[in-house]
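Structure record follows, encoded as structure tokens.
Side-chain atoms are counted along with the backbone in the values below, which use heavy atoms only and exclude waters and symmetry mates. From a predicted model like this one, the values you see are computed outputs, not experimental measurements.
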Amino acid sequence: MTNWSSFVDPLYGRVQLGQTLAALVSKPLVQRLRHVRLSNIDSIDIPSIANLSRFEHVLGVAHLAGQLALRNKLDRHELLVLEAAALLHDWAITSFGHLVEEALQYVGTGFDHEKRLKDVTLRQAEILGADLQVFAGREAGLRAWARSAVGQDEQRLLQDIMDHIDGKGRFGRVIAGDIDIDNIDNVFRMAFHMGLEFDRGVPLRLAKSIVDVEPEAGEPVFRVGSEGDIRTWREVRRHVYDHLMLAERDFVGKIMMLSATVQAYQARELFEVDWKIVDHDLLSRLTESENREVRDTVQRWLAGELWACTPIYWLKGARPTYPALLKFSDRLSLRLDRYCFAYGIKEKRERVISAHFDDGRRETFGSRPDQWLFGVATSTKKAFTAKEIRIVLDAACEAFDTSIIGPAHKAEENEQACLF
């Protein structure tokens, strides 16, 4: 029988998991993550993260859960819930990271991967039927694992795990909070693979400095002296998202994959139940589509033949909903007499973080963002003219009740001055 208890991790070195958690790693719902990217696109701008898997990430988060200083305050059941929630927190993610989830939201399904995880794990098998087959024709395996781990107490264990993934429960905010082990691992893992310089001891030190949870809201309580590491995490996080958000070719690639997925859904070639297909299955389905536009779009992305795109701009306020962006795309396509697809990304480089410390202090870091990234791409093999770019921006300001802050890339300021 395969041993799933030991792994070599680029951040933490040799990682060892206990027997019960190792048994969970072997289940199809975790093995599926070997075939889903951590990044939302097979990046052109940052090739080193193009094929980084969610599997690597969740193992890292589970390892950090095993390093938390608060572990000595937990009983056996709580320890199992904590480690399993850390390992499973991303299990129901769609293919290409959050990209297919975004596509399902474009068409108004309201899809949420965390709610879907609850559906798969907490409902009875006879209700879900074939939907329990989550990967390679195999059932999730979570209920059987829980029964093996705790016997008749399986339902309580599953419910507690789901609550903690959702940021609830006694220490759920350690998994899903302002500063949690999921984001700690994600930031430093991305930074490592991007080749950014940082103190590689920070993620483990941060985990080991979480000594308790705040009794009212359940927020992590950090040991005094960890303030410097929290600031380092914030700085590295900003650098990581600078690279991710401002990657122009990847922005276009996301639009192309989103457009193809939305069109396949509208043609009833993809369905909401297909949230569980992995990256290579999605590419196969799209490249074999009966819809010529879907096939052509994905083949062009795979070949590196990118759509024409407007410059990417920062707009003021909160990003509109995905259905609103799709409605805007349809109207813009008619106005410009060419197919257009609009995309927006929430500002992720900055956010407000509240950290509690074991001397009773609470310190707030960062600020609340008030901007979002916006751009439009077209399948027509013709660049946007200056007039068309102006029409796009004016239409966006009117449709979304916003205003232009400026181009995402400062070098474009002089270029756009000439265009307009």
Side-chain angles (χ1 to χ4, degrees), residues 32-33 35-47 49-54 90 93-109 111 113 243-310 312 319 321-323 325-326 328-330 332-333 338-346 348 373-381:
R32 173 182 173 271
L33 297 182
H35 310 280
V36 178
R37 287 174 173 82
L38 183 58
S39 171
N40 293 351
I41 196 72
D42 45 334
S43 177
I44 290 177
D45 285 282
I46 318 169
I49 68 167
N51 296 299
L52 181 60
S53 74
R54 292 267 164 182
D90 261 351
I93 202 75
T94 59
S95 50
F96 278 81
H98 292 280
L99 189 135
V100 171
E101 182 172 351
E102 288 181 319
L104 290 172
Q105 291 176 1
Y106 262 93
V107 295
T109 66
F111 182 90
H113 74 275
H243 287 288
L244 293 175
M245 295 187 67
L246 303 181
E248 293 181 276
R249 288 168 294 189
D250 291 353
F251 189 94
V252 179
K254 291 174 188 176
I255 289 180
M256 294 173 72
M257 287 296 295
L258 282 168
S259 173
T261 305
V262 166
Q263 287 183 311
Y265 183 92
Q266 292 171 332
R268 300 188 64 77
E269 293 182 333
L270 286 178
F271 301 90
E272 189 173 355
V273 70
D274 291 319
W275 63 269
K276 61 184 180 292
I277 64 176
V278 294
D279 291 9
H280 60 261
D281 287 332
L282 177 67
L283 289 173
S284 177
R285 296 273 286 273
L286 295 178
T287 54
E288 295 172 4
S289 169
E290 294 184 3
N291 185 310
R292 180 178 177 180
E293 291 182 357
V294 172
R295 290 198 313 272
D296 181 65
T297 297
V298 176
Q299 288 168 355
R300 284 178 63 181
W301 166 247
L302 292 174
E305 300 168 1
L306 304 188
W307 284 5
C309 188
T310 65
I312 304 171
R319 191 207 64 203
T321 64
Y322 290 114
L325 285 167
L326 185 60
F328 175 82
S329 302
D330 292 340
L332 188 64
S333 298
R338 62 155 105 182
Y339 179 77
C340 295
F341 197 96
Y343 185 47
I345 304 178
K346 294 179 180 178
K348 299 178 181 179
L373 272 182
F374 168 77
V376 173
T378 178
S379 56
T380 305
K381 295 180 180 180

Heavy-atom side-chain contact between [X] and [Y] under 4.5 Å:
X: L244; Y: I46; answer: yes
X: L332; Y: F341; answer: no
X: I312; Y: M245; answer: no

Who are the ring pair (Phe, Tyr, Trp, His ring centres under 6.0 Å) partners of H243, not counting sequence neighbours?
->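 H243: no ring pair (Phe, Tyr, Trp, His ring centres under 6.0 Å) contacts found.
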For Y343, check ring pair (Phe, Tyr, Trp, His ring centres under 6.0 Å) against everything at least two apart and list the hits.
->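 F251.
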Distance (rounded to the nearest 0.5 Å) between [X] [atom1] and [Y] [atom2]:
X: L246; Y: E248; atom1: CG; atom2: CD; value: 8.5 Å
X: R37; Y: S43; atom1: CZ; atom2: OG; value: 10.0 Å
X: L99; Y: M257; atom1: CG; atom2: CE; value: 6.0 Å
X: T297; Y: L302; atom1: OG1; atom2: CG; value: 11.0 Å
X: Q299; Y: L283; atom1: CD; atom2: CG; value: 11.0 Å
X: H35; Y: H280; atom1: NE2; atom2: NE2; value: 6.5 Å

Which atom pairs, one a donor and one an acceptor, fall under 3.5 Å between side chains of residues 263-270 and the rest of the protein, sequence neighbours left out?
unit_1 : atom_1 : unit_2 : atom_2 : d
Q263   : NE2    : E293   : OE1    : 2.8
E269   : OE1    : S289   : OG     : 2.5
E269   : OE2    : S289   : OG     : 3.4
E269   : OE2    : E290   : N      : 3.0

Is the backbone N or O of I93 less than 3.5 Å from a side-chain atom of D90, with the two atoms forming a donor-acceptor pair by type?
->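 Such a contact is absent between D90 side chain and I93 backbone.
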Counting distance only, does the side-chain N/O of R319 pair as donor-acceptor with the main-chain N or O of L373 below 3.5 Å?
-> no
Classify the side-chain pair Y339/S259 by whether it contains a donor and acceptor separated by less than 3.5 Å.
->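 Side chains of Y339 and S259: pair found under 3.5 Å.
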Where [X] and [Y] come nearest, the two heavy atoms and their spacing:
X: T109; Y: Q105; answer: OG1-N, 4.1 Å
X: H98; Y: R54; answer: CD2-NH2, 3.9 Å
X: V298; Y: A260; answer: CG2-CB, 3.6 Å
X: C340; Y: S329; answer: O-CB, 3.5 Å
X: G344; Y: L325; answer: N-CD1, 3.7 Å
X: T94; Y: E101; answer: OG1-N, 3.0 Å

Just to verify, what does [X] make a side chain to side chain contact (heavy atoms under 4.5 Å, CB included) with, not counting sequence neighbours?
X: S95; value: V100, I277, D279, L282
X: A103; value: L258, T261, V262
X: I44; value: R249, D250, W301, L306

Testing I255, T380, T378 for side-chain contact (heavy atoms from CB on, under 4.5 Å) with W307, which one passes?
-> I255
For the pair F374 and F328, name the ring-plane relationship: parallel under 30°, tilted 30 to 60°, perpendicular over 60°.
->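 Ring orientation of F374 relative to F328: perpendicular.
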